[in-house]
Amino acid sequence: MAKDFPSRAENYSQWYNDLVIKADLAENSSVRGCMVIKPNGYAVWEKIQAALDRMFKETGHSNVYFPLFIPKSFFSKEASHVEGFAKECAVVTHYRLKADPVNGGVMVDEDAKLEEELIIRPTSETIIWDTYKNWIQSYRDLPLLYNQWANVVRWEMRTRLFLRTAEFLWQEGHTAHATREEAVKEAETMLNVYAEFAENYMALPVIKGTKSAGERFAGALETYAIEALMQDGKALQAGTSHFLGQNFAKAFDVKFLNKENQLDYVWATSWGVSTRLMGAIIMAHSDDNGLVLPPKLAPTQVAIVPVFKNAEQLAMITEKVMPIKKALEAKGISVKYDNRETHKPGWKFTEYEFKGVPVRLTIGPRDVENGTVEIARRDTLEKEVLQLKDIENKVIHLLDQIQKNLYDRAVSFRENNSHYVDTWDEFKDVIENRGGFIYAHWDGTQETEEKIKEETKATIRVIPLNNPRSKGKCVYSGKPSEERVIFARAY
RNA sequence: CGGGAUGUAGCGCAGUUGGCUAGCGCACCACGUUCGGGACGUGGGGGUCGGAAGUUCGAGUCUUCUCAUCCCGACCA
């Protein structure tokens, strides 16, 4: 059996309460499944944004912003795209309220009905492509490499905090290219950006691959994804990058003159990651003592807790602490010196463990006397007493170690929970009793994929890139297969 | 949208066949002693029992409707 979620983390609440909470909207509100992102949570999101944004710029992209509202008619243009989203759209029908003479309060002014309803974007392909049409005439206008940081709304039947909220924050890249090859390359480049970010910043190992036809994005020819394994043995799709072919260009009539002076449709990609990444961090690293944040994304990287009995002692300790704090900050480390007299040291220790602060320094009278400091790491909960000399480099070294250890730990967890399975009985047994990734042969048909899903709730997470060829028989149908694909139950 | 469960103080919960001033733990406030792993004592504040309607002398408790949350399905880049 895969490691259960920590006992104290029922519904993850022990873990995520410091980052987000469920939105507590007005009584009788029919808005459900929204989240409030608290300061610490938003700080994590800002770090995610900053790192990704830099990587986008490095790969030649710029940021843009498009409207939240999309005219309904835009959605009637790309058939499969609409089919994918129509069932979960919030629709604006009126633009004014008026006083309610009967019940008091306010009511919708029926006179203020919109001629054409507006859809609150579930994703921005349609409005962006409608605009791109006017920006592209010649191959000289290409490529367009744009990204948008925004919020979107999807009226999901069932929501799940972090992983599937009705409203969420994300980035969506939308690019236009002159050739098929260039667009495919773009989709693959961005997949690599996501994978690099997940592994280097989130300390989350991911498997890069393509989606089966059944799991593909509505309107895409190919969907690339990074897939990660959570501590409960379920898979989480952490990012996607789509090669859209010419579908959207045809739907929105986006043509350009190529070098041969011939009119052609442009080739497109889109790619995105969302606040779901915060859910991935939480579910991948946290333990019974609360959150564990990777140092590179932790809003506070070092917490310093003084131990004191009176004001003189605190003053003495503060005098020692301030140079350390300054030295660390000079090296770009975020430090919180918690000199509050309202909480005891023990309370603070537990508090920073809950919050997932990677490194904690403790300084008390004993340390002042000996010229030492106690250093504690969140990932292993180990403590050590160090000489104060050169403490900033020791801390920086430890932060790196923690970042690496979290990654290594997640890799070995994934290895220990990856199973090569060749028979259907074993497949069912592993899914039911152990969880994790299953590498199994598949006959390549959507029919088999659906049968497997019906019987086990497992889906094909990805067909790994650069997958080794290995002849075998489909674990379900027994038909010949050329490669193994990854099955898992997923969020 | 179907099945199940839940809704009582900021959080977690108890509240019997309808009955008297609605309780407990944590948190919060005051004072004192404490302070190197969530301290303790004493005192105190905080509630239209999710909402609406109904039955009743009397409703947290019963009935109907409604809203939300959680779980399981269905659905879901």
Side-chain angles (χ1 to χ4, degrees), chain A residues 8 10-14 17 21-34 78 80-89 103 121-125 152 154-161 163-166 168 170-174 187 194 210-211 214-226 237-244 269-274 276 289-290 305-311 313-314 317 340-354 360-370 372-374 376 381 383 385 453-454 457 459 490-491:
Chain A
R8 277 161 64 184
E10 276 178 43
N11 295 324
Y12 318 133
S13 60
Q14 203 75 323
N17 267 348
I21 51 171
K22 275 178 308 210
D24 191 8
L25 296 164
E27 55 189 83
N28 293 332
S29 164
S30 51
V31 176
R32 340 110 35 226
C34 290
E78 216 288 333
S80 59
H81 183 68
V82 175
E83 206 179 303
F85 287 103
K87 283 170 282 185
E88 51 186 59
C89 287
N103 303 313
R121 62 181 167 220
T123 178
S124 301
E125 269 83 358
V152 289
R154 295 181 187 179
W155 216 267
E156 302 283 359
M157 293 279 187
R158 182 175 168 191
T159 58
R160 194 164 199 146
L161 199 53
L163 303 182
R164 190 171 294 113
T165 43
F168 57 93
W170 77 343
Q171 58 71 215
E172 46 180 327
H174 297 277
Y194 288 153
T210 56
K211 288 282 181 183
E215 296 275 322
R216 225 171 255 157
F217 176 65
L221 295 190
E222 186 77 273
T223 288
Y224 299 86
I226 51 172
Q237 179 177 302
T240 51
S241 176
H242 313 287
F243 168 56
L244 301 173
T269 80
S270 70
W271 27 274
V273 296
S274 71
R276 172 182 267 203
N289 298 301
V305 177
V307 179
F308 58 96
K309 286 191 168 67
N310 51 49
Q313 279 188 348
L314 176 59
I317 291 163
R340 286 179 296 176
E341 297 177 50
T342 49
H343 295 284
K344 296 176 27 172
W347 192 93
K348 292 175 187 173
F349 297 162
T350 312
E351 180 73 1
Y352 291 113
E353 274 160 24
F354 271 144
R360 186 189 73 236
L361 298 178
T362 306
I363 297 194
R366 280 206 308 257
D367 297 298
V368 172
E369 207 172 299
N370 303 334
T372 58
V373 60
E374 183 192 84
L381 298 173
K383 292 189 289 195
V385 176
K453 185 179 177 184
E454 263 170 45
K457 287 186 262 176
T459 51
Y491 278 106

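Chain A is the first sequence line, chain B the second, and so forth, proteins listed ahead of strands; every chain is numbered from 1.
With hydrogens and angles ignored, a donor-acceptor pair closer than 3.5 Å exists between the side chain of A:Lys383 and the base of B:G37.
The partner of B:G7, taking Watson-Crick or G-U wobble pairs whose two distances both stay under 3.5 Å, is B:C67. The partner of B:C49, taking Watson-Crick or G-U wobble pairs whose two distances both stay under 3.5 Å, does not exist in any strand shown. Nucleotide B:G58 is matched to nothing when pairs are restricted to Watson-Crick or G-U wobble geometry with both distances under 3.5 angstrom. Using the Watson-Crick or G-U wobble rule with both distances under 3.5 Å, B:G73 pairs with B:C1.
The residue A:Pro122 sits apart from the nucleic acid: no heavy atom pair falls under 4.0 Å. If you check every strand for non-hydrogen atoms under 4.0 Å, A:Arg164 touches a base. Contact annotation for A:Gln237: backbone-only contact, meaning every heavy-atom pair under 4.0 Å involves sugar-phosphate atoms and none involves a base. Using a 4.0 Å heavy-atom distance criterion, A:Trp271 is classed as making no nucleic acid contact. At a threshold of 4.0 angstrom between heavy atoms, the contacts of A:Arg360 include nucleobase atoms, whether or not backbone atoms are also involved. A:Thr240 comes within contact range of the sugar-phosphate backbone alone, with a heavy-atom separation under 4.0 Å but no base atom that close.
Put simply, OH on A:Tyr491 is 19 Å from P on B:A77, counting in whole angstrom units. At whole-Å resolution of the value, CD in A:Glu351 and C1' in B:G37 are 13 Å apart.
A:Glu341 pairs by the side chain to side chain contact (heavy atoms under 4.5 Å, CB included) definition with A:Phe308, A:Leu314, not counting sequence neighbours.
Using cut-offs of 30° and 60° on the angle between ring planes, the pair A:His343 and A:Trp347 is parallel. Taking the six-membered ring for Trp and thresholds of 30 and 60 degrees, A:Tyr194 and A:Trp271 have ring planes more than 60 degrees apart, a perpendicular arrangement.
Considering only heavy atoms from C-beta on, A:Arg366 stays 4.5 Å or farther from A:Thr372 through its side chain.
When the C1' atom is compared between B:C20 and B:U61, the two are found 15 Å apart, to the nearest whole Å.
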